[in-house]
Amino acid sequence: MPLVDGFSFDLTVIWAFLIALAVLIYVVLDGFDLGLGILFAAERHRGDRDVMMNSVAPVWDGNETWLVLGGGGLFAAFPLAYSLILPALYAPIIAMLLALIFRGVAFEFRWRTDRWRWVWDIAFIGGSLVAAFSQGVALGGLLQGIDIDKTARIYSGGWWDWLTPFSVTVGVAVVVGYMLLGATWLVMKTSGPLQERMRARAWPLGVATIGFIGVVSLWTPFLQEGYYNRWFGDWRIVLAGLVALAVLGIAAAMFRSLTVHRHEYRPFVLALALFVLCFGGLGMSMFPYIVPTEVTIWEAAAPRASQIFMLVGAAVLLPIILAYTAYAYWVFRGKVDADTGYH
């Protein structure tokens with residue numbers, strides 16, 4: 001459906017919202033999980049590494065449910081977008097999936113061996129780093145635009161089009177941001193010297209995250225004309241300023257919470273708020289395009305009958321997934337130490 005009087009809230013918009021929600025939930029849940037894996041490299045003591053892994057061991061696999069939901073939903077609800085985006089980003093997406101496999105295996109195998117534990121530690125660290133970086137590169141590759149043949153409705157770019165200075169910058173930004181989430185998660189879940197080290201690391205990681213948010217935010221509008229008009233055209237520059245102030249306000253509150261008030265839960269919540277705000281800005285930049293700025297959600301959508309059929313299943317399954325996710329976090333709430341844990 002074309003845009004009528006601004007927006008048309010039909011099934012296509014609902015499905016776009018559901019997929020965006022699944023991706024956002026994955027980012028905020030698996031983000032601290034991947035960040036913790038990267039921070040694993042900075043901790044040499046076996047007991048501290050065990051505590052770090054035990055803090056996410058009960059929930060990490062449930063976090064990745066949302067990645068499956070987002071990818072599967074894209075294939076089912078927007079098949080044209082799926083057929084255009086995947087060929088353009090095969091390399092970073094395959095790298096991400098392989099990294100997640102190695103990382104997932106390491107969760108269990110490192111507890112079953114002493115001789116080869118170092119191998120699975122490397123797999124856990126490397127898998128976390130590659131997965132986080134690949135997600136950022138894929139996002140950057142999508143934002144900078146995908147070459148398509150509009151007549152044949154196929155991807156017409158090259159194998160390495162995704163690899164640009166912008167996509168690499170976004171990849172590094174995602175790695176740093178995930179490390180911030182991981183550090184604040186461990187501030188919340190641990191105690192003693194490990195908690196203090198993570199509190200100290202969260203400060204420079206927070207500064208770096210804000211810096212990367214600024215760089216990517218200023219770079220993105222100049223990638224395509226549609227982005228520039230969306231943020232700096234007419235009154236929209238006021239909105240851009242308000243978003244920037246909100247980012248700085250949340251960051252200031254997070255830094256005060258880490259150092260002045262020394263809260264345990266609040267830094268993690270505020271770090272999540274930064275990601276939610278950035279994700280909202282990303283959505284505002286892209287909507288109503290699903291392949292910027294070539295294909296809208298209406299052009300890529302599946303037939304209406306298919307959308308209705310899938311929506312019935314989503315209405316049943318989404319509450320169940322949300323319920324068991326919330327229950328798992330509730331059951332395994334509280335601090336983790338060397339004497340207690342999932343393993």
Exercise for the section: Say whether, by atom type as modelled, one donor and one acceptor occur between the side chain of E43 and the main chain of D48 under 3.5 angstrom. Expected result: no

Exercise for the section: Could you grab the distance from atom CZ of R117 to atom CZ of R110, nearest 0.5 Å is fine? Expected result: 4.5 Å

Problem - Polar side-chain atom of R333 near backbone of W330 as donor-acceptor pair, under 3.5 Å - result: yes

Handout entry: Residue pair Y289 / E299, side-chain donor-acceptor N/O under 3.5 Å
Key = no

Problem - Residues R46 and D121 bridged, charged N to O under 4.0 Å - result: no

Problem - Modelled atom types, side-chain donor and acceptor of S167 and Q144, under 3.5 Å - result: no

Exercise for the section: May I ask you to test the F279-V276 pair for a side-chain heavy-atom distance under 4.5 Å? Expected result: no

Handout entry: Under 3.5 Å donor-acceptor, T220 side chain and S217 backbone
Key = no

Exercise for the section: Report yes or no: do S55 and W185 form a side-chain donor-acceptor pair below 3.5 Å? Expected result: yes

Practice task
Work out which heavy atom in T190 is nearest to a heavy atom in K335; give both atom names and the distance.
Solution key: O-NZ, 2.7 Å

Exercise for the section: Could you check whether the rings of F275 and Y178 sit parallel, tilted or perpendicular, using 30° and 60° as the cut-offs? Expected result: parallel

Practice task
Could you tell me whether the side chain of I290 reaches within less than 4.5 Å of the side chain of L84, counting heavy atoms only?
Solution key: no

Exercise for the section: Would you check, one step at a time, whether the test side chain to side chain contact (heavy atoms under 4.5 Å, CB included) holds for W162 with Y90? Expected result: CA-CA 9 Å; W162 55 270; Y90 268 142; over 6 Å; no

